[in-house]
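To keep things clear, I will list the structure first and then write my remarks on it.
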Amino acid sequence: MISKTEASRRVEELRELIRRHDYLYYVLDSPEITDLEYDALMRELAALEREFPELASPDSPTMRVGGEPLAAFSKVRHSLPMLSLTNAFDAEELLGFDRRVRSALGRERVAYMVEPKIDGLSVAMTYESGVFRLGATRGDGEVGEDVTQNLRTVRSVPLVLSEPLSLAPVLEVRGEVYLGKREFQQLNEERRASGEPLFANPRNAAAGSLRQLDPRVTARRPLDCFVYEIRRVEGLSVGTQAEALEILARSGFRVCREARLCQSIDEVLWLIKEWEKRRPSLDYDIDGLVIKVNDLPDQAKLGFTSKSPRGAVAFKFGAEEAVTRVVDIIVQVGRTGAVTPTAILEPVFVAGSTVSRATLHNEDIIRAKDIRVGDSVVIRKAGDVIPEIVRVLPERRPQSAREFRMPKKCPECGADVVRLPGEAVYRCQGISCPAQLRESIIHFASRGAMDIDGLGPSRVDQLLAAGLVGDVADLYGLTAGQVAALERMGDRSAQKLVAAIQASKSRPLSRLIYALGIRHVGERTAQDLARAFGTMDALAQADRDRLLSVPEVGPVVADSILSFFKQEQNVMLINKLRNYGVGMSQEEELPAGGPLEGKVVVFTGALERMGRKQAEELVVSMGGKASSSVSSRTDLVVAGPGAGSKLARARELGIPIMSEQEFFDTYVKNPNTVQ
Ligand code: IVH
């Protein structure tokens, strides 16, 4: 047995060693030991910490695997507001920025630091005497979320600093958490395989991964972090941004090595041209460059506008474009029967992912752009948008190029495909079209609808292929035995899936209404309808006038609901669901006569005690309605720090205004108070 003193010494030694190797591997990209040797050090440390629990510490490298899940993130008020940058989109705007800077400083020439603008999630991190204490998201700039636990799992975030910054009693830095292009693609591939929804782009993936309540999930995502700013430091003076980056790197932070110092704005413009060429070959997505006055006292002199510093600007690149070829144009049938043409492309890498199809929206657009099968085309992907074909390169059109014709029959079920007058889209008229069925089941089970865990697109495909479901109601008749017989399905997951399906029977009426997929009835409208009618039967029997009397229901929505309930097969489907025991009334959900019954509440500004969604749900649970805009129909405005135009409008209209605290005291602590 090793003595406690000895253990304590060895634990320190191991932590020091691991920290050094983490730094070499994650920050400098130049490991000195093999993965096996590294794992051995980690194991030894973990074993000692287990044997001597009193030696455990939140700063130990073993803590990177993530601790216990949280119920919610707590809010953090930033000690300094986290501002954002003004954008410049062309040389003209940059020259304007430079002119303003030089004239304010009274200087001929100003040196600028040019850094890639990584497309991720901004975080502020606080260290005390070199130890990581607090990490927060930007939030609204004033108040962010405490994501300390999750940031601990990001390997390039040092838990303990080296000199010189370890000497600062308090240090606050700002950086960007992001996911590399390759890591992003891999994550999405895994999600595709397990039927989970895909992330639209690396930024969303990074945000989704960092804002996980369970840090163990974050720990499994290969997040990275570049630090680019010293926000606050005690006991050290830093003269320039170049020096700041140098000091950050020396102290253990991962700093982007691509930052370059330019002696004038002309040099910056030249560098931008270089960057536009280099951008696709980087391992991570950047959406522009950040140009900062290098001299920090000068930056301070320039000061801030209400939203951004005057000493820096973000130069945004245009959407990334690439050239590829249209291999085919196919049509896809959606849940509403819309038949949408889609271009199948020769795969090409653009803006962070490989693109192999592009939606063509409708036939008119294909005609207008004159896109033919065989054409070379320019495609564009702007951030999170679905790739689109910008234009054809007619000079490259081969003889064999073929025009697209909309099929007369649905490729899935053979029913007629018809374009209704006034509509741009064609629709399949088949009521039991398998493509519509697939999409309608996926929608039925989705999160905002019946929220059936584990029933994603690939499972739905399996159920359809096995002939186990012919409509959404058939889901409720599935047995664990039937499900277990599907490929890649064990007994336990089969039981879990069946239990999840059964559990969805008691979802509130609003979700069921939404889940039915009535055209033009989204989640909000479904909630309004559930509240107004209380039961599915009442909704089914409502006439046009009654429907129109529901706030927010206009003629288009009303007609869509009427035509839905006119279809006999829809009425039969609802009966079938009822016979399986699916709940058809709202009674259980809405406390009649809740303290906010019939009241419309608007939240504006930052909330500190609860998230916005949570607050809105609270209002609904008390019989009220949360809205995002202030009008004469608003009954109450809850205003937090940073509230602006909505608050002003509420004052103008004489609407009662409360702080979050007052709202909480009035309605949450004494939920029976009636205003
Ligand atoms: S400096 C006052 N440097 O771009 C804001 N920002 O609006 C100072 N970003 O929210 C930001 N890379 O999340 C700075 N090298 C970099 C950056 C960077 C990415 C993000 C940051 C900020 C946004 C600018």
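Side chains are part of it too, since the values below use all heavy atoms of this structure and drop only hydrogens, waters and symmetry mates. Counting starts at 1 for both ligands and their atoms, following the listed order.
- When each atom of ligand 1 is checked for a heavy atom of P116 under 4.0 Å away, the hits are 12 (N), 15 (N).
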Pair E172, S79 - check side-chain hydrogen bond (donor to acceptor under 3.5 Å, both in side chains), show working.
CA-CA 9 Å; E172 192 178 328; S79 58; 2.9 Å; yes

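- Given atom 17 (C) of ligand 1, the protein heavy atom at minimum distance is Y228 CE2, 3.4 Å.
- Considering F315, Y112, F89 in turn, Y112 is the only one that fulfils the ring-ring contact (aromatic ring centres under 6.0 Å, His included) rule with F97.
- Applying the 4.0 Å criterion to heavy atoms of I118 picks out, from ligand 1, the atoms 12 (N), 19 (C).
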The test is side-chain hydrogen bond (donor to acceptor under 3.5 Å, both in side chains); show your working for Y178 and R203 and say whether it passes.
CA-CA 7 Å; Y178 69 96; R203 188 191 52 238; over 6 Å; no

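- The contact set between ligand 1 and L83, taken as ligand atoms under 4.0 Å from a residue heavy atom, comprises 2 (C), 5 (C).
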Step by step, work out the side-chain hydrogen bond (donor to acceptor under 3.5 Å, both in side chains) result for E115 and Q241.
CA-CA 11 Å; E115 301 168 18; Q241 172 66 4; 2.8 Å; yes

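- Looking at E274 and K277, a side-chain N of the basic residue comes within less than 4.0 Å of a carboxylate O on the acidic one, giving a salt bridge.
- For atom 23 (C) of ligand 1, the nearest non-hydrogen atom of the protein is K117 CE, 3.8 Å.
- Ion pairing between D22 and R19 fails under the 4.0 Å rule for side-chain N and carboxylate O.
- Which parts of ligand 1 touch E115 is read off a 4.0 Å heavy-atom cut-off, strictly below it: atoms 3 (N), 15 (N), 16 (C).
- In this structure, A312 has no heavy atom closer than 4.0 Å to ligand 1.
- When non-hydrogen atoms are compared, ligand 1 lies under 4.0 Å from the side chain of E176 (C-beta onward) but not from its backbone.
- Residue contacts with ligand 1 do not include M82, since none of its heavy atoms lies under 4.0 Å from the ligand.
- With respect to D59 and R15, no salt bridge is recorded, no charged nitrogen being found less than 4.0 Å from a carboxylate O.
- No side-chain donor from either of S122 and R138 sits under 3.5 Å from a side-chain acceptor of the other.
- Every atom of ligand 1 is numbered from 1 in the order shown, and the set under 4.0 Å from a heavy atom of P309 is 2 (C).
- At least one N/O-N/O distance between R174 and ligand 1 falls below 3.5 Å.
- Of all atoms in ligand 1, listed by their number and element, those nearer than 4.0 Å to a heavy atom of S84 are 7 (O).
- The only member of L134, L121, L210 that meets side-chain contact (heavy atoms from CB on, under 4.5 Å) when paired with V147 is L210.
- For a threshold of 3.5 Å applied to N or O pairs, the pair formed by L85 and ligand 1 contains at least one separation below that value.
- Scanning all protein heavy atoms for the shortest distance to atom 3 (N) of ligand 1 gives K292 NZ, 3.0 Å.
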